[in-house]
2 protein chains.
Amino acid sequence: MATTNQPGGQRTSGGRMKAKSSRRARSVRTELQLLRAACWLFSERGFHGTGIRDIAETAGVAVSGMYYYAASKDEMLEAVTRRVMDLLMSSSEETLRDIDDPAERLVVLMAVHVAFHARNPRAAKVADHEFQALTGDAREGIQQLRDAYEGVWAETLRAGVRDGVFQDRGSVARLALLQMATGIAHWYRPDGELSIPQLCERFGDMALSLMGASRAGRLLQVHDLTMPDPDLLLERVELSIEPRNEPSHT
Amino acid sequence: MATTNQPGGQRTSGGRMKAKSSRRARSVRTELQLLRAACWLFSERGFHGTGIRDIAETAGVAVSGMYYYAASKDEMLEAVTRRVMDLLMSSSEETLRDIDDPAERLVVLMAVHVAFHARNPRAAKVADHEFQALTGDAREGIQQLRDAYEGVWAETLRAGVRDGVFQDRGSVARLALLQMATGIAHWYRPDGELSIPQLCERFGDMALSLMGASRAGRLLQVHDLTMPDPDLLLERVELSIEPRNEPSHT
DNA sequence: GTCTATATTACGATAGAC
DNA sequence: GTCTATCGTAATATAGAC
């Protein structure tokens, strides 16, 4: 997860802010603080509602210092969003590995999605709502990531319908499932009535209910299925740029 | 729905932009065009991403002409949002009148919510996502309307749980139900696979499934219940400020 | 790597003529 | 009621010293 920090080291990137052709090394710490500040502020005030002065001040650097790490405000938004989508995708695929049963795949997908959104609400909100402020290639790239992620859900639902485990509720079902879980980023609080594992189970149950999941004429519940280990799950959805506390600079 | 337009007429307001102590009358047509332009642009680019020049140009008036109708950009956002919440609330209450059964109340609430969001996606997006750009009293006022609306849902679910018709899934269920239907504003297209009445029925079924709605040991479906007349429903959710087509000025 | 200082444009809002 | 013209500020981004 940590990037190399050797002088002159070429980073292959893929989610990080663009490497300029500079001979100097970059401070990993500063880069992280900038992304965290951007993540926090974009989620709190929106992309257009956030000024580069706000980001720089929150991160504790001068405005021009920011431009050593990112070529523009847009690039910071892209960096935050791409990290979210990358981790969401990779943690899903990793957790789905070796699971074939459609019902189990659905509750796993839901558990990853729920855990991610509860654990990284700020970053998730940015990726879900602010990414549309991007334009051109950046937006297209993010859109492809989103499509790929939704594709995994679509395949899982289709397989379940084919096997007769799920009712066929069309693509509407996928959109409804994703939307209801994504909303968690807006209201989840660590001191709420449910812990993250409990939230995963409840949303798993709701997903199975919503798809009318049944086997041998009996309705399925999460309780009947094998769930991923909660600790492992929480570890997999850990995102480094999620702001840990309200920044004191503000 | 139409406001009086007599010179010097005092408007009691309640959702409209503030009446200044002006002796001149206001053009209802211009006011509507301004709100429509604001609605369109706020939904497309976000509140902070929209300039007053954009709004004025789209509405076909000079920038200063706008300020004859609204004291600030904030006030326009408040006006749009308040109209959304007012209509959502009033159409729900009207359609719920004389319906006591919790399961029927749930599918009616869902039908109104779905129809509203499919029919007025731009306005709904503004009310759902941009209202947080408001500050102070304006924000508090809108928040109260939202709380009141969610309260109707909460009561309905609680009654259903009390009667043993719904499973108890806590407040999480309410949030999930609202969220999944609200998402319609993001993806619904009039030329999609489902018409609005069909969408209402499908979401009604999903809501019943999600709540595990059953009576006499048999799972409930919308098909088993009385639904409001689709035409009447669509008429009730008609919002005057929803932009009808993409503005040509842009 | 990070800073101070500044260029340049866009923003929200207003004054005052008609 | 709607316009043209403009004010003052804040925005993004860059130049160049250290």
Side-chain angles (χ1 to χ4, degrees), chain A residues 3-9 11 17-35 37-38 41-42 45-78 133-135 138 249, chain B residues 3-9 11 17-35 37-38 41-42 45-78 133-135 138 249:
Chain A
T3 56
T4 58
N5 190 23
Q6 299 166 351
R11 299 221 264 64
M17 291 185 274
K18 281 204 185 84
K20 300 174 192 169
S21 53
S22 153
R23 233 158 246 91
R24 268 190 208 265
R26 292 147 96 143
S27 157
V28 172
R29 190 182 122 83
T30 305
E31 180 176 13
L32 206 61
Q33 275 180 322
L34 279 168
L35 284 178
L41 291 164
F42 290 165
R45 310 175 189 173
F47 176 72
H48 291 298
T50 302
I52 52 171
R53 284 163 173 75
D54 304 326
I55 303 174
E57 193 185 352
T58 304
V61 297
V63 172
S64 56
M66 235 188 64
Y67 284 91
Y68 185 77
Y69 291 89
S72 66
K73 200 175 81 162
D74 288 64
E75 202 177 278
M76 301 199 75
L77 174 58
E78 194 196 347
L134 290 173
T135 55
H249 287 274
Chain B
T3 55
T4 58
N5 190 23
Q6 299 167 352
R11 298 220 264 65
M17 290 185 274
K18 281 205 184 81
K20 299 175 192 169
S21 53
S22 153
R23 234 157 246 94
R24 268 190 207 264
R26 291 147 97 145
S27 157
V28 172
R29 189 181 123 83
T30 305
E31 180 176 14
L32 206 60
Q33 275 179 324
L34 279 168
L35 284 178
L41 290 164
F42 291 165
R45 311 176 188 173
F47 176 72
H48 291 298
T50 302
I52 52 172
R53 284 164 177 80
D54 303 327
I55 303 173
E57 193 185 351
T58 304
V61 297
V63 172
S64 57
M66 235 188 64
Y67 284 91
Y68 185 78
Y69 291 89
S72 66
K73 199 175 82 162
D74 287 66
E75 202 178 278
M76 301 197 76
L77 174 58
E78 195 197 346
L134 290 173
T135 55
H249 286 274

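Model, not experiment: these values are computed from the prediction. Labels below follow one simple rule: chain letters A, B, ... track the order of the sequence lines, proteins then strands, and each chain is numbered from 1.
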Check your understanding: For B:Tyr68 and C:dA15, what is the distance between atoms OH and P respectively, to the nearest whole Å?
Key -> 16 Å
Point to revise | Nearest atoms (heavy-atom pairs only) where B:His48 meets B:Ala133 | key: NE2-CB, 3.9 Å
Check your understanding: Any donor-acceptor pair under 3.5 Å linking the side chain of A:Thr58 with the backbone of A:Ala37?
Key -> no
Revision key, fill the gap. B:Leu77 CG to C:dG12 C1', in whole Å, measures 15 Å
Review point. Which whole-number value in Å describes the distance from B:Arg53 CZ to D:dC7 C1'?
Key: 11 Å
Review point. Please give, in whole Å, the distance from C:dC11 P to B:Arg45 CZ?
Key: 10 Å
Review point. Roughly, in whole Å, what's the span from NE2 in A:His48 to C1' in C:dA10?
Key: 13 Å
Exercise for review: Take atom CD1 of B:Ile52 and atom C1' of D:dT6, then tell me their distance rounded to the nearest Å.
Suggested key: 13 Å
Point to revise | Among D:dT2, C:dA13, C:dT2, the one nearest B:Ser27 by side-chain distance | key: D:dT2
Review point. Is a side-chain N or O of A:Tyr69 found less than 3.5 angstrom from the main chain of A:Ser27, in a donor-acceptor match?
Key: yes
Practice item. Calculate the interatomic distance between B:Glu57 atom CD and D:dT2 atom P; express it in whole Å. Key: 17 Å
Point to revise | Non-hydrogen atoms of A:Lys73 and A:Phe42 that approach each other most closely | key: CG-CZ, 4.2 Å
**Study point:** C:dG12 phosphate, OP1 or OP2, under 4.0 Å from B:Ser72 side-chain N/O
**Key:** no
Exercise for review: Starting from P on C:dT2, measure out to CD1 on A:Ile55 and report it in whole angstrom.
Suggested key: 16 Å
Study note, to complete from the structure: On a heavy-atom basis, the closest approach of A:Leu34 and A:Ile55 is O-CG2, 4.1 Å
Check your understanding: Taking all non-hydrogen atoms of both residues, which atom of B:Met66 and which atom of B:Ala56 are closest, and how far apart?
Key -> SD-N, 4.1 Å
Quick test: give all pairs of protein nitrogen or oxygen and nucleotides 3-5 of chain D nitrogen or oxygen below 3.5 Å, distance rounded to 0.1 Å.
{"residue": "D:dC3", "atom": "OP2", "partner": "B:Ala62", "partner atom": "N", "Å": "2.5"}
{"residue": "D:dC3", "atom": "N4", "partner": "B:Ser64", "partner atom": "OG", "Å": "2.7"}
{"residue": "D:dT4", "atom": "O4", "partner": "B:Ser64", "partner atom": "OG", "Å": "2.5"}

